[in-house]
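Quick notes on the structure that follows.
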Amino acid sequence: MENEFFKNIGKKTGVNMKDILDLANSLQSANFKDENTVRNVIRRVSQIANKPVSREMEEKIVQSIVKDGKQLDFNSISKMINKK
């Protein structure tokens, strides 16, 4: 899936599009009511975006998704990470 569009996005953002697509594929069958799954997703997104997430922030995100039942999407996680 290496085409110019994805290469340009990768150059502009510094994010490897293959990593994003791999993550998206792995999320399709993930159980987001499972705390460990959600923590792994948060850590993986943090790593891909090269944005460290503190334990406190990770806990807030997990609380929001697992316990409060909010939807998990990149935009929501990104907003939470960037609030720090």
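Side-chain contact between Asn16 and Ile48 is absent, with no heavy atoms from C-beta onward closer than 4.5 Å. At least one side-chain heavy atom of Arg39 sits under 4.5 Å from a side-chain heavy atom of Glu35.
Taking CD1 of Ile65 as the reference point, atom OG1 of Thr37 lies at 11.0 Å (rounded to 0.5 Å).
The side-chain hydrogen bond (donor to acceptor under 3.5 Å, both in side chains) search around Asp19 returns none, not counting sequence neighbours. The side-chain hydrogen bond (donor to acceptor under 3.5 Å, both in side chains) search around Asn40 returns none, not counting sequence neighbours.
Between Glu56 and Lys60, at least one side-chain N (NZ, or NE/NH1/NH2) sits under 4.0 Å from a carboxylate O, which counts as a salt bridge.
Listed by first and then second residue, the side-chain hydrogen bond (donor to acceptor under 3.5 Å, both in side chains) pairs involving residues 24-33 are Ser26-Arg44 (not counting sequence neighbours).
What you find for Val41 and Phe32 is that their closest heavy atoms are CG2-CE2, 4.0 Å. For the pair Ser46 and Pro52, the tightest heavy-atom approach, listed with the atom from each and the gap, is OG-CA, 3.7 Å.
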